[in-house]
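Computed from a prediction, not measured in an experiment: that's the story for all the values here.
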Amino acid sequence: DRAHPALDALAHSWADVAQLAQRHIDKLFRHPVSAPPLTGDWLVKSLHMVGAGYAEEARSAAQTTVLGLGGFGQNDLPSPVFLAWGKAAAAGNCLERILAVLAALASQALHGAGQSAPPALAPLLDCVRSCVPPVDTPRPLGADVERLATVFRRRVQPQDGPVGG
């Protein structure tokens with residue numbers, strides 16, 4: 001059965017991309033153009049920790065799947081595919097959310113610097129800002145970022161139904 005190693009590899013890849021996104025988030029908070037006070041650090045700093053949490057959760061989900069124990073008196077093993085599928089879906093969900101966090105923070109950095117996006121990225125920035133408007137006063141950001149993650153998911157989801165929940 002090669003399905004569960006393939007799903008594990010997918011989860012590992014998604015966790016790796018989540019780690020890279022988290023490093024970009026960290027860089028946005030350290031770079032002279034996007035760092036405080038331009039971005040209103042105190043308004044969006046919580047997203048830095050949220051991104052780190054999603055990256056860590058993706059890493060945790062990307063652990064190798066081992067054979068299940070089965071039940072009492074059972075002389076065969078349950079398929080590890082179901083466990084691997086759930087972990088890959090969890091890592092994918094974390095990746096969607098951390099990419100939404102990164103996009104929201106990049107939008108905020110552009111807003112704080114008074115810059116617009118390059119023409120090729122302007123439609124993406126408009127999409128991001130339709131879900132997560134620039135932050136000028138304190139407000140909860142969780143629902144906005146979740147809405148953006150949902151938009152990202154819908155853009156890549158197959159038309160015949162959900163993949164991974």
Side-chain angles (χ1 to χ4, degrees), residues 7-63 83-165:
L7 288 167
D8 283 350
L10 183 61
H12 293 175
S13 296
W14 286 345
D16 285 346
V17 176
Q19 301 306 303
L20 293 171
Q22 195 281 328
R23 298 310 328 148
H24 284 290
I25 289 168
D26 191 58
K27 186 68 171 177
L28 282 171
F29 279 98
R30 295 174 186 258
H31 194 275
V33 172
S34 57
L38 290 176
T39 56
D41 176 50
W42 58 277
L43 296 170
V44 294
K45 181 63 175 166
S46 61
L47 291 180
H48 186 262
M49 296 306 294
V50 168
Y54 285 136
E56 192 57 45
E57 193 175 333
R59 285 170 50 104
S60 179
Q63 301 302 311
L83 295 172
W85 177 269
K87 294 191 308 180
N93 287 333
C94 289
L95 177 57
E96 291 167 353
R97 287 175 172 90
I98 197 169
L99 290 175
V101 168
L102 177 58
L105 289 171
S107 167
Q108 183 69 17
L110 288 171
H111 173 72
Q115 297 180 354
S116 58
L121 294 177
L124 176 60
L125 181 61
D126 290 342
C127 173
V128 170
R129 289 188 174 162
S130 72
C131 294
V132 187
V135 182
D136 292 315
T137 59
R139 71 172 196 265
L141 299 172
D144 291 353
V145 173
E146 183 63 28
R147 190 170 32 259
L148 182 58
T150 299
V151 167
F152 286 173
R153 180 180 316 111
R154 288 183 180 146
R155 285 185 169 199
V156 298
Q157 185 172 325
Q159 295 303 315
D160 58 352
V163 175

ask   = Given H48 and I25, is the side-chain contact (heavy atoms from CB on, under 4.5 Å) satisfied, shown in steps?
value = CA-CA 7 Å; H48 186 262; I25 289 168; 3.8 Å; yes
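- Using modelled atom types, one side-chain atom of Q108 and one backbone atom of V135 make a donor-acceptor pair closer than 3.5 Å.
- At distances below 3.5 Å, at least one donor-acceptor pair connects side-chain atoms of S13 with backbone N or O atoms of A9.
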request  = Give the C-alpha distance, both sets of side-chain angles, the deciding distance and a yes or no for side-chain contact (heavy atoms from CB on, under 4.5 Å) between R97 and R153.
outcome  = CA-CA 9 Å; R97 287 175 172 90; R153 180 180 316 111; 4.1 Å; yes
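- Judged by distance alone, the side chain of S60 and the main-chain N or O of E57 form no donor-acceptor pair under 3.5 Å.
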inquiry  = What verdict does the side-chain contact (heavy atoms from CB on, under 4.5 Å) test give for L99 and L95, after you've listed the backbone C-alpha separation in whole Å, the side-chain angles of each residue and the deciding distance to 0.1 Å?
reply    = CA-CA 6 Å; L99 290 175; L95 177 57; 3.8 Å; yes
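- Nearest heavy atom pair, residue P119 against residue P123, reads O-CD, 3.6 Å.
- Rounding to the nearest 0.5 Å places OG1 of T150 at 8.0 Å from CD of E96.
- Taking OG of S107 as the start and CG of D126 as the end, the distance is 9.5 Å to the nearest 0.5 Å.
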request  = Would you check, one step at a time, whether the test side-chain contact (heavy atoms from CB on, under 4.5 Å) holds for L125 with L110?
outcome  = CA-CA 10 Å; L125 181 61; L110 288 171; 4.1 Å; yes
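- Taking every heavy atom of both residues into account, R59 and Q63 meet most closely at O-NE2, 3.0 Å.
- Atoms CG and CG, on L105 and L28 in that order, are 6.0 Å from each other to the nearest 0.5 Å.
- Residue P133 comes nearest to R139 through the heavy atom pair O-NH2, 2.6 Å, listed as atom of the first residue, atom of the second, then distance.
- The heavy-atom pair separating A62 from A15 by the smallest distance is CB-CB, 3.7 Å.
- Rounding to the nearest 0.5 Å places CG of L47 at 9.5 Å from CG of D144.
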